[in-house]
Amino acid sequence: MSFADQVAVVTGASSGIGWALCKELARRGCKVGLLARRPEQLEKLAKEIEQAGGTAALAPADVSNREQTLEAIHSLSRKLGPVDLLVANAGVGAPTLVDPINIGDNEKMIRINLLGTIYCIEAVLPEMLKRGKGHLAAVSSMASYKGLPGESAYCASKAGLNVYMEGLRIQLRGRGISVTTICPGFVKTPMTAVNEFHMPFVMEAEAAARRIAGALERKVKVYNFPKRMSWLMKLTALLPDWIIARAMNKYNAKPPMPPGPL
């Protein structure tokens, strides 16, 4: 697949993986639609892309709000053309507390990480089906492969996303639409900046974006990276509960809370 003159919409574009991926897709020839909650950051990113010779349009929206999301993506399509590639990247994370349980954070994570992706797909899928072509991608996480103590809601939101995308991929076979699930390990972003623990095999956002863009070009079904982190998670999934509990004791004694509301 060539990205030349393709229209790509990326959510969560105002920082981290989303920011870097927008620049990488633009560098590879995409016209990029930028969607996130912070318009000032989107304007800055659009300016950088255009100064580098690319094409970008922006539409601020909160993906947890269905109406905002639909209107924002339709607006980007009116500006750039029909969407060829959707990358539902917007995501948030916070520890799961149990005494008392932080229901508000749990609800927000599931609404953004899972429902937000579904709303984005709702906005582009009818036109893709009509045209008989398109590519749907969602950024999940290695955390989707194991329920980790202190991260139950985050892991659940990403595991749900994996299963949703898998079912959609199978359902859309033969309809001209590719579906890709992207599961990164640790990437240096504002979300992981609060982590005080050692993050194995951590990557820069720009390096992650290059890998993701390559996987999207190849239309990979599920892309787990880096490989060493994937192997580590497969091993973790086989360990007994008591080992996981012991390994996470320090983390749960002082969980890294996000600096502001999700």
Side-chain angles (χ1 to χ4, degrees), residues 12 16-17 64 88-118 138-167 169 180-205 207-208 211-212 215 220-262:
I17 293 174
S64 69
N89 164 75
V92 294
T96 299
L97 309 179
V98 294
D99 188 19
I101 189 167
N102 52 335
I103 290 296
D105 289 340
N106 294 348
E107 288 180 336
K108 192 71 172 177
M109 277 188 283
I110 291 169
R111 186 165 294 279
I112 291 175
N113 297 352
L114 178 56
L115 290 178
T117 296
I118 296 172
V139 177
S140 182
S141 169
M142 289 278 188
S144 61
Y145 296 123
K146 177 68 179 178
L148 298 171
E151 290 289 344
S152 298
Y154 180 75
C155 293
S157 71
K158 294 299 190 177
L161 178 58
N162 286 9
V163 174
Y164 180 84
M165 296 299 286
E166 180 181 38
R169 185 183 74 239
T180 298
T181 307
I182 300 158
C183 296
F186 289 110
V187 178
K188 288 184 180 179
T189 67
M191 192 170 83
T192 60
V194 299
N195 293 342
E196 296 180 356
F197 59 87
H198 171 68
M199 295 183 287
F201 316 120
V202 64
M203 301 180 65
E204 297 290 341
R211 293 198 185 199
I212 292 169
V220 175
K221 294 177 181 178
V222 179
Y223 182 51
N224 301 307
F225 75 99
K227 285 185 178 179
R228 289 180 295 174
M229 189 65 196
S230 178
W231 297 334
L232 180 60
M233 286 306 299
K234 287 177 181 178
L235 173 63
T236 301
L238 299 174
L239 295 176
D241 290 354
W242 70 267
I243 292 180
I244 302 295
R246 178 178 291 182
M248 297 286 287
N249 269 343
K250 187 175 180 181
Y251 174 90
N252 283 297
K254 189 183 177 183
M257 300 301 293
L262 295 180

Q | Ser157 side, atom OG; Lys108 side, atom NZ - distance, nearest 0.5 Å | A | 13.5 Å
Q) With a 4.5 Å heavy-atom cut-off, do Leu161 and Ser144 have their side chains touching? A) no
Q: Output yes when a side-chain donor or acceptor of Lys158 lies under 3.5 Å from a complementary backbone atom of Tyr145, and no otherwise.
A: no
Q: Flag the pair Arg211 / Pro184 as yes when at least one side-chain heavy-atom distance between them is below 4.5 Å, and no otherwise.
A: no
**Q.** side chain to side chain contact (heavy atoms under 4.5 Å, CB included) between Asn113 and Tyr154, worked out
**A.** CA-CA 8 Å; Asn113 297 352; Tyr154 180 75; 3.8 Å; yes
**Q.** Steps toward side-chain hydrogen bond (donor to acceptor under 3.5 Å, both in side chains) verdict (Thr181, Asn162)
**A.** CA-CA 7 Å; Thr181 307; Asn162 286 9; 5.4 Å; no
Q | From Lys254 atom NZ to Phe197 atom CZ, the distance as rounded to the nearest 0.5 Å | A | 13.5 Å
Q: May I ask you to decide if Thr96's main-chain N or O and Asp105's side chain share a donor-acceptor pair within less than 3.5 Å?
A: no
Q | Non-hydrogen atoms of Met142 and Met229 that approach each other most closely | A | CE-C, 4.1 Å
Q) Ignoring hydrogens and geometry, is there a side-chain-to-backbone donor-acceptor pair from Ser140 to Cys183 under 3.5 Å? A) no
Q.
Using 0.5 Å steps for rounding, measure from the CD atom of Glu107 to the CG atom of Leu262.
A. 11.5 Å
Q.
Taking the side chain as everything from C-beta on, heavy atoms only, tell me whether Phe201 gets closer than 4.5 Å to Leu232.
A. yes
Q) Do Pro258 and Met191 have side chains that get closer than 4.5 Å, going by heavy atoms? A) no
Q | Within 6.0 Å of NZ in Lys146, more than 12 heavy atoms from elsewhere | A | yes
**Q.** side-chain contact (heavy atoms from CB on, under 4.5 Å) partner of Ile212, the single match among Val220, Asn89, Thr180, Ile17
**A.** Ile17
Q: Measure the spacing between OH of Tyr164 and CG of Leu115 and express it to the nearest 0.5 Å.
A: 9.5 Å
Q. Looking at side-chain heavy atoms only, is the closest gap between Glu166 and Val222 below 4.5 Å?
A. no
Q) So do Ile244 and Thr236 actually touch side chain to side chain, heavy atoms under 4.5 Å? A) yes
Q) Would Val194 and Met257 satisfy side chain to side chain contact (heavy atoms under 4.5 Å, CB included), going step by step from the backbone distance to the final call? A) CA-CA 7 Å; Val194 299; Met257 300 301 293; over 6 Å; no
**Q.** Straight-line distance of Leu97 CG to Asn102 CG, nearest 0.5 Å
**A.** 4.0 Å
**Q.** Minimum heavy-atom distance Asn252-Gly150, with the two atoms named
**A.** OD1-CA, 3.0 Å
Q) So how far is it from Thr189 OG1 to Met203 CE, rounded to the nearest 0.5 Å? A) 12.5 Å
